[in-house]
Protein chains: 2
Amino acid sequence: MFTLSEENYLKTIYHLSLETSNGISTNAISNQLQTKASSVTDMIKKLSDKKVLAYKKYKGVTLTGFGKKTAANIVRKHRLWEVFLVEKLNFSWDEVHDVAEQLEHIKSPKLIHQLDSFLGFPTHDPHGDPIPDADGNLKTIEKSLLSTLLKNECGICVGVNDSSSEFLQFLDKKGIKLGKKITVLDKEEFDNSLSILIENKKLSISNKIANNLYIQKS
Amino acid sequence: MFTLSEENYLKTIYHLSLETSNGISTNAISNQLQTKASSVTDMIKKLSDKKVLAYKKYKGVTLTGFGKKTAANIVRKHRLWEVFLVEKLNFSWDEVHDVAEQLEHIKSPKLIHQLDSFLGFPTHDPHGDPIPDADGNLKTIEKSLLSTLLKNECGICVGVNDSSSEFLQFLDKKGIKLGKKITVLDKEEFDNSLSILIENKKLSISNKIANNLYIQKS
DNA sequence: ACATATTTTTAGATAAGACTAAAAATATAA
DNA sequence: TTATATTTTTAGTCTTATCTAAAAATATGT
Ligand SMILES: [Mn+2]
Ligand SMILES: [Mn+2]
Ligand SMILES: [Mn+2]
Ligand SMILES: [Mn+2]
């Protein structure tokens with residue numbers, strides 16, 4: 001069994017591992033968790049003793065199979081709870097993360113199994129992120145940043161890169177929701193801003209926004 | 001804000017306060033929480049500094065108004081989660097307590113408000129215990145132990161005194177559920193066992209059982 | 001290649017929440 | 001009422017998870 005702190009380290013290392021194929025550095029972890037590098041070294045030793053991390057001094061860490069499964073299960077819980085909050089308790093997608101950060105640590109296999117079933121076995125959370133299955137496997141879908149689409153290309157909005165409440169509320173204000181079709185009408189060379197069509201409305205989108213929206217091309 | 005440990009102490013003191021009208025002794029708390037008396041003294045000081053307890057050395061503690069409200073809110077969350085687990089996730093009433101012990105510490109006023117609404121503002125948990133309202137007020141109903149009923153008296157089964165899973169499973173096996181009408185057909189002087197009628201079935205009930213079932217007389 | 005910068009680890013400190021052992025206060029009983 | 005038992009508190013230790021400061025290892029640039 002893992003402590004709350006151990007679980008948070010595991011989850012962070014799991015997320016970092018999905019981005020970079022190399023070992024995860026002490027500093028990368030400390031940046032993410034807002035702790036000091038020395039604290040990370042201490043925790044790495046503990047987690048390595050518990051067989052969830054492979055660690056060689058100064059060489060960074062990688063998750064073991066067991067570690068990967070353990071971490072994926074925490075992410076699974078986080079995302080299932082986010083679905084619950086949005087679908088059943090009428091939270092908006094910018095309000096769920098902090099509560100899910102707490103709920104993901106609840107220990108009860110039956111609870112998570114029943115919750116999954118109650119929610120109809122969802123595959124993605126409210127931000128479009130995939131929910132690992134009970135064995136910790138993720139199925140990733142083909143998706144591209146909106147900023148990489150060319151003029152006249154289109155696709156379905158399937159996720160966000162930035163899930164801060166500021167960005168999510170901004171999307172709400174603009175009427176941009178997951179599942180909607182987006183067409184790139186024009187692309188401005190000067191500042192890489194886009195003119196897009198969504199639900200018969202024309203919108204002007206800055207590059208910063210386009211860099212944080214995922215599209216499944218169609 | 002209170003730590004997990006502080007919340008558990010508060011809750012324990014709250015429960016003890018409902019049984020005894022005097023101050024709560026260090027030993028009473030340590031027995032309940034399975035900790036040493038010295039640990040309790042330490043925590044009492046901390047909670048007293050935080051203005052949730054009134055404390056005089058060697059004199060035991062009482063909850064302040066603020067403390068009572070804080071504790072009642074934890075109990076509120078515990079019981080609402082128990083309802084959720086039984087009503088929505090198909091847990092049986094003997095499986096919910098341990099999970100609720102974890103869930104009661106989740107901090108999100110919106111979560112608990114929405115959960116309450118989602119559950120239809122329940123007034124009692126699956127064990128028949130009343131759910132404090134948002135202000136921490138409990139409405140207690142008139143109830144008697146089954147063992148105090150006389151021959152030919154009857155009433156509705158409204159609660160349990162012992163909520164161990166062993167006892168709850170025993171009740172399940174016998175078909176005894178909350179909400180059912182129970183009539184005392186006979187009372188055996190020798191061992192205080194009862195013969196009762198429930199759903200047209202005659203059951204023989206030991207004094208130990210009758211001492212752990214609450215009836216609302218009718 | 002070697003000096004310098006950066007990263008990582010070690011050493012030692014701190015706070016929370018538990019413990020044991022012993023002292024102090026209170027309760028009980030002859 | 002005084003001796004004894006019980007309860008409560010104090011003093012000091014331990015573990016976990018954090019920190020700061022300094023040392024050691026690795027990376028970088030000319
Ligand atoms: Mn999240
Ligand atoms: Mn999410
Ligand atoms: Mn309970
Ligand atoms: Mn209950």
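This is a predicted model, so every value here is computed, not measured. Heavy atoms only: backbone and side chains are in, while hydrogens, waters and symmetry mates are out. Naming convention: chains lettered A, B, ... in sequence-line order (proteins, then strands); numbering from 1 in each chain.
- Checked by distance alone, Ser38(A) brings no side-chain donor or acceptor within 3.5 Å of a matching partner on the base of dT8(C).
- Spacing between atom OH of Tyr58(B) and atom P of dA25(C) amounts to 6 Å, rounded to whole angstrom units.
- Here the rule is side chain to side chain contact (heavy atoms under 4.5 Å, CB included) with Glu82(B), and of Leu103(B), Asp125(B), Val99(B) only Asp125(B) fits it.
- Using a 4.0 Å heavy-atom distance criterion, Ser5(B) is classed as a sugar-phosphate-only contact.
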Show me, pair by pair, the donor-acceptor contacts under 3.5 angstrom made by side chains of residues 13-21 of chain A, not counting sequence neighbours?
unit_1   : atom_1 : unit_2   : atom_2 : d
Ser17(A) : OG     : Ile13(A) : O      : 2.7
Thr20(A) : OG1    : Leu16(A) : O      : 3.4

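- Each of Leu4(A) and Ile44(B) has a nearest nucleotide on DNA chain D; the 5'-most of these lies closest to Ile44(B).
- Judged as a ring pair (Phe, Tyr, Trp, His ring centres under 6.0 Å), and not counting sequence neighbours, Tyr9(B) has no contacts.
- The stretch residues 11-34 of chain B comes close to DNA chain D through Ser25(B), Thr26(B), Asn27(B), each having a heavy atom under 4.0 Å from the strand.
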Sequence neighbours excluded and cut-off under 3.5 Å, please list the side-chain donor-acceptor pairs for residues 160-170 of chain A, or say none.
unit_1    : atom_1 : unit_2    : atom_2 : d
Asn161(A) : OD1    : Tyr214(A) : OH     : 3.3
Asn161(A) : ND2    : Asn212(A) : OD1    : 3.3
Asp162(A) : OD1    : Ser164(A) : N      : 2.7
Asp162(A) : OD1    : Ser164(A) : OG     : 3.0
Asp162(A) : OD2    : Ser164(A) : OG     : 3.4
Ser164(A) : OG     : Glu166(A) : OE1    : 3.4
Ser164(A) : OG     : Phe167(A) : N      : 3.2
Gln169(A) : NE2    : Asp94(A)  : OD2    : 2.6

If you look only at distance, which donor and acceptor atoms sit under 3.5 Å apart when one is on a side chain in residues 112-119 of chain B and the other is two or more places apart or in another chain?
unit_1    : atom_1 : unit_2   : atom_2 : d
Gln114(B) : NE2    : Leu89(A) : O      : 2.7
Asp116(B) : OD2    : Arg76(B) : NH2    : 3.1

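- The residue among Tyr55(B) and Thr35(A) whose nearest nucleotide of DNA chain D is located toward the 5' end is Tyr55(B).
- Across the protein-nucleic acid pair, Asp42(A) atom CG and dT10(C) atom C1' stand 9 Å apart, rounded to whole Å.
- Between the NZ atom of Lys36(B) and the P atom of dT10(D) there is a distance of 19 Å, given to the nearest Å.
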Side chains of residues 128-145 of chain B: which donor-acceptor pairs under 3.5 Å do they make with residues two or more places apart or in other chains?
unit_1    : atom_1 : unit_2    : atom_2 : d
Asp133(B) : OD1    : Asp135(B) : N      : 2.8
Asp133(B) : OD1    : Gly136(B) : N      : 3.0
Asp133(B) : OD1    : Asn137(B) : N      : 2.9

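- Straight-line distance from the CE atom of Met43(A) to the C1' atom of dT10(C): 17 Å, rounded to whole Å.
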